Amino acid sequence: MLLNDEYFMRIALNEAKEALLKNEIPIGAVIVANNSIIAKTHNLTENLNDVTAHAEMQAITAAANAIGGKYLKNCTMYLTVEPCQMCAGALYWSQISKIVVGVQDNKRGFTTMGGQLHPKTEIVYGVLEDECKELMLTFFQNKR
């Protein structure tokens with residue numbers, strides 16, 4: 001089994017599908033250190049009645065607890081949708097090394113709002129983009 005960006009993004013997509021089953025916006029996040037998953041979660045804003053319970057925020061907390069420290073250096077986050085400005089700010093402070101994004105968010109993503117990541121954070125876009133996009137489109141079409 002090849003542990004690459006696509007492999008871990010599929011796990012993030014499974015988390016996004018879990019969110020969909022809970023009537024949450026289907027965004028999933030996975031954090032990996034040394035090819036091992038240290039956090040995996042999805043949006044929980046509706047279920048927790050908490051606007052900050054985004055997948056990224058849940059994953060940052062879980063990963064920090066897993067490694068016993070607040071900085072996520074040498075970690076990679078796999079995220080089905082580009083982070084919002086709030087989550088990008090938290091990722092900035094976590095000093096995460098790499099973020100792999102399935103699909104960009106041209107309405108609320110951090111890049112459209114002038115947000116930024118830590119200068120040393122590498123970001124990669126487009127891994128399993130079609131699947132990530134389709135999940136979001138399905139969710140919002142069903143809401144209308």
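This chain uses plain numbering: 1 for the first residue, then up along the sequence. None of the values given here were measured: they were computed from a predicted structure.
- Connection of Trp93 to Leu91 is not established within any shared hydrophobic cluster, with ILVMFWY side chains joined at heavy-atom distances below 4.5 Å, either directly or through further cluster members.
- Taking both residues in full, the closest heavy atoms of Ala90 and Met57 are given as CB-SD, 3.5 Å, listed atom of the first, atom of the second, then distance.
- Under the 4.5 Å side-chain heavy-atom criterion for ILVMFWY residues, a single connected hydrophobic cluster contains both Val101 and Ile11.
- The two residues Ala39 and Ala59 come nearest to each other via the heavy atoms CB-O, 3.5 Å.
- Within 6.0 Å of the OH atom in Tyr125, the count of heavy atoms belonging to other residues, nucleotides or ligands exceeds 12.
- Looking at Met9 and Cys132, their side chains come closer than 4.5 Å, going by heavy atoms from C-beta outward.
- Using a 4.0 Å cut-off between charged side-chain N and carboxylate O, Asp5 and Lys98 make a salt bridge.
- A donor-acceptor contact shorter than 3.5 Å links the side chain of Glu82 to the backbone of Asp105.
- Here the CG atom belonging to Leu117 is positioned 9.0 Å from the OG atom belonging to Ser94, to the nearest 0.5 angstrom.
- Side-chain contact check for Thr45 and Glu24: at least one donor-acceptor pair (N or O, by modelled atom type) lies under 3.5 Å.
- Here Glu131 pairs with Arg10 in a salt bridge; the nearest charged N to carboxylate O distance falls below 4.0 Å.
- At distances below 3.5 Å, at least one donor-acceptor pair connects side-chain atoms of Thr138 with backbone N or O atoms of Glu134.
- Of the candidates Lys40, His42, Gln58, His42 is the only one forming a side chain to side chain donor-acceptor pair (under 3.5 Å) with Glu15.
- Rounded to the nearest 0.5 angstrom, Met113 CE and Gln116 CD are separated by 15.0 Å.
- Residues Tyr7 and Leu2 form no side-chain contact, since every pair of their non-hydrogen atoms from C-beta on lies 4.5 Å or further apart.
- Following chains of ILVMFWY side-chain contacts shorter than 4.5 Å, one can reach Leu135 starting from Phe8, so the two form part of one hydrophobic cluster.
- Side-chain contact between Ile38 and Ile67 is present, with heavy atoms from C-beta onward closer than 4.5 Å.
- With hydrogens and angles ignored, the 3.5 Å screen pairs no side-chain donor or acceptor of Asn34 with any backbone N or O of Ser36.
- Of all heavy-atom pairs spanning Asn74 and Ser97, the tightest one is N-OG, 2.6 Å.
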Exercise. Using the side chain to side chain contact (heavy atoms under 4.5 Å, CB included) rule, take Met77 and Ile60 through it: C-alpha gap first, then chi angles, then the decisive distance, then the call.
Key: CA-CA 9 Å; Met77 175 179 275; Ile60 290 167; 4.2 Å; yes

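- Both Met136 and Val127 belong to a common hydrophobic cluster when Ile, Leu, Val, Met, Phe, Trp and Tyr are linked at side-chain heavy-atom distances under 4.5 angstrom.
- Classification of Lys22 and Glu18 as a salt-bridged pair fails, no side-chain N sitting under 4.0 Å from a carboxylate O.
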Practice problem: Could you go through the side chain to side chain contact (heavy atoms under 4.5 Å, CB included) check for Val30 and Val32 one step at a time? | Solution: CA-CA 7 Å; Val30 171; Val32 173; 3.9 Å; yes

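- Annotation: the span from Glu56 atom CD to Cys84 atom SG amounts to 6.0 Å, rounded to 0.5 Å.
- In this structure a side-chain-to-backbone donor-acceptor pair under 3.5 Å is present from His118 to Lys120.
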Exercise. Could you give me the CA-CA distance, side-chain angles and deciding distance for Leu128 and Leu13, then say whether side chain to side chain contact (heavy atoms under 4.5 Å, CB included) is met?
Key: CA-CA 9 Å; Leu128 300 182; Leu13 264 168; 3.9 Å; yes

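- Leu72 and Ala64 make their closest contact through CD2-N, 4.1 Å (heavy atoms, listed as atom of the first residue, atom of the second, distance).
- In this structure a side-chain-to-backbone donor-acceptor pair under 3.5 Å is present from Thr112 to Gly109.
- Hydrophobic clustering, with ILVMFWY side chains joined whenever heavy atoms are under 4.5 angstrom apart, keeps Ile96 apart from Tyr92.
- Closest of all the heavy-atom pairs between Ala55 and Ile27 is CB-O, 3.6 Å.
- Proximity of a side-chain donor or acceptor of Asn43 to a complementary backbone N or O of Ala19 within less than 3.5 Å is not detected.
- Ala16 approaches Gly28 most closely through the heavy-atom pair CB-N, 3.6 Å.
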